[in-house]
Amino acid sequence: MKSDSKIYVAGHRGLVGSAIMRRLTSPSPHAGEGRGEGGYTNIVTRTHSELDLTDQRAVDEFFEKQKPEYVFLAAAKVGGINANNIYRADFIYQNLMMESNIIHASYKHGVKKLMFLGSSCIYPKHAPQPMKEEYLLTGLLEPTNEPYAIAKIAGIKMCDAYNRQYGTNFMSVMPTNLYGPGDNYDLQGSHVLPALIRKMHEAKMQNAKEVVVWGTGSPKREFLYSDDLADACVFLMKRCSAVDVGEFINIGVGKEITIREAAELIAEVVGFRGQLVFDTSKPDGTPRKLLDVSRLDALGWQAKTGFREGIAKSYADYLQAVASTA
Ligand code: GDP
């Protein structure tokens, strides 16, 4: 991938896509280690209203006209445990359609390299921890996000099938739970960290005594800052091919914390001094979701942003988002 290569970032306004955009246009946190300075100048994007990615004909026409050389497939319908559990049909339909259309059009129009972004929820609910890439399809999935996970597994298998049948260079990467600037702060649809940032901030402002945390607080999660993920994606896109990464590769930090610990740290960063109350009528979801990142580590990439630093940056982003809508 050269600085003037034509790069299509699908989903450029989302948490992942916007981080990839920042990384393509500005230096890597690893810049001092020769990881590249950004400066990609030929990036093409389309908003949802300009291009409906579930529309096969529209996607095909877009690829025919634009002829991108590199594609980051970061467009997806995403959400937290509640949204995944309720909008089950939307999650499987929209994700299958978007990835099918983009992967097929990339093959048809000669894309040099494509990167498909998946999720750690593809692994079996009771997979041994940390989860190695080879545990895919060795057990039953977590029911709350099964439709989303099935769509993401289909994306991995599509990339692999196109590589084997047509000799394409389509790489799949599986990030762990993500957070960062531009996150979804809607309390019903969001993931745990943006939800807790918002709840704690609002509780602080209203001098409330309690914040409700869903579930028991005992599930463990691994959290990766979105700019770190973007750095890993650009690193892999530049340096690696599908043959180097195998069927897909995990991207994570290799460490996990409990939801209770995450909530306590957010309270500290936000400055909320009241009580945490655990609402056990809400689901815990999968008990653990820790990725084994040794394959990525061996390729020479590690995450840089510590959890406290990432939460502080995310809180600053939340404050900005609140200020801009006030
Ligand atoms: P998951 O990783 O797919 O389960 O997605 P989430 O990020 O939505 O949830 C992670 C864990 O955090 C689950 O055990 C949730 O029950 C718990 N959790 C605690 N409070 C909240 C909250 O306010 N919102 C969300 N989405 N999850 C919460």
Which atoms form the tightest heavy-atom contact between Tyr40 and Ile43, and what is the distance?
O-CD1, 3.7 Å

Please find the pair of heavy atoms, one from Ala303 and one from Asp228, that lie closest to each other, and give the distance.
CB-OD2, 3.6 Å

Shared hydrophobic cluster, Phe170 / Phe235 (ILVMFWY, side-chain heavy atoms < 4.5 Å)
no

For residues Glu222 and Asn177, is any side-chain donor paired with an opposing acceptor at under 3.5 Å?
no

Can you check whether Ile259's main-chain N or O pairs, donor with acceptor, with Arg221's side chain at less than 3.5 Å?
no

Hey, mind stepping through Phe248 and Phe116 against ring-ring contact (aromatic ring centres under 6.0 Å, His included) and telling me if it holds?
CA-CA 9 Å; Phe248 67 93; Phe116 170 64; over 10 Å; no

Can you find a pair of side-chain heavy atoms, one from Arg308 and one from Glu268, that are under 4.5 Å apart?
yes

Hydrophobic clusters here meaning ILVMFWY residues chained together by side-chain heavy-atom distances under 4.5 Å, can you tell me if Ile102 and Phe62 are in one?
yes

Please check if the side chain of Glu69 supplies one atom and the backbone of Lys6 the other of a donor-acceptor pair under 3.5 Å.
yes

Indicate yes or no: at least one non-hydrogen side-chain atom of Glu146 is less than 4.5 angstrom from one of Arg88.
yes

Min side-chain heavy-atom separation Lys289-Glu256 under 4.5 Å:
no

Does the side chain of Asn250 reach to within under 4.5 Å of the side chain of Tyr123, using non-hydrogen atoms?
yes

Co-membership, hydrophobic cluster, residues Ile251 and Val293, 4.5 Å side-chain:
no

Does NZ or CZ of Lys77 fall inside the cone over Phe91's six-membered ring, less than 6.0 Å from its centre and within 45° of the axis?
yes

I'd like to check Leu193 versus Ile266 (side-chain heavy atoms, cut-off strictly below 4.5 Å). Are they in contact?
yes

Assess whether atom CD of Glu309 is packed by more than 12 heavy atoms of other residues, nucleotides or ligands within 6.0 Å.
yes

Please examine the side chains of Leu296 and Leu291, heavy atoms only from C-beta on, and report whether any two atoms are closer than 4.5 Å.
no

Whether the His191 and Tyr179 side chains hold a donor-acceptor pair (N or O, under 3.5 Å, no angle test) is what I'd like checked.
no

Without hydrogens or angle criteria, can the side chains of Asp60 and His109 be said to hold a donor-acceptor pair below 3.5 Å?
yes

Exercise: identify the closest heavy-atom pair between Asp284 and Ile81:
C-CD1, 3.9 Å

Would you tell me whether Asp317 and Tyr185 have side-chain atoms, one donor and one acceptor, within less than 3.5 Å of each other?
yes

Would you say NZ of Lys255 has more than 12 non-hydrogen atoms from neighbouring residues, nucleotides or ligands within 6.0 angstrom?
no

Under a 4.5 Å cut-off applied to non-hydrogen side-chain atoms, are Thr144 and Asn84 in contact?
no

Between Gln94 and Thr54, what is the shortest heavy-atom contact and its length?
O-CG2, 4.2 Å

Would you call Phe278 and Arg260 a side-chain contact if the rule is heavy atoms closer than 4.5 Å?
yes

So which atom in Cys159 and which in Leu114 form the shortest heavy-atom distance, rounded to 0.1 Å?
SG-CD2, 4.0 Å

Could you check whether Thr286 and Glu142, counting side-chain N and O atoms only, form a donor-acceptor pair closer than 3.5 Å?
no

For Tyr162 and Tyr107, take the angle between the two ring planes, folded into 0 to 90°, and tell me which bin it lands in: parallel under 30, tilted 30 to 60, perpendicular over 60.
perpendicular

Identify the heavy atoms of Cys121 and Leu141 that sit nearest to each other, and give their distance.
O-CD2, 4.0 Å

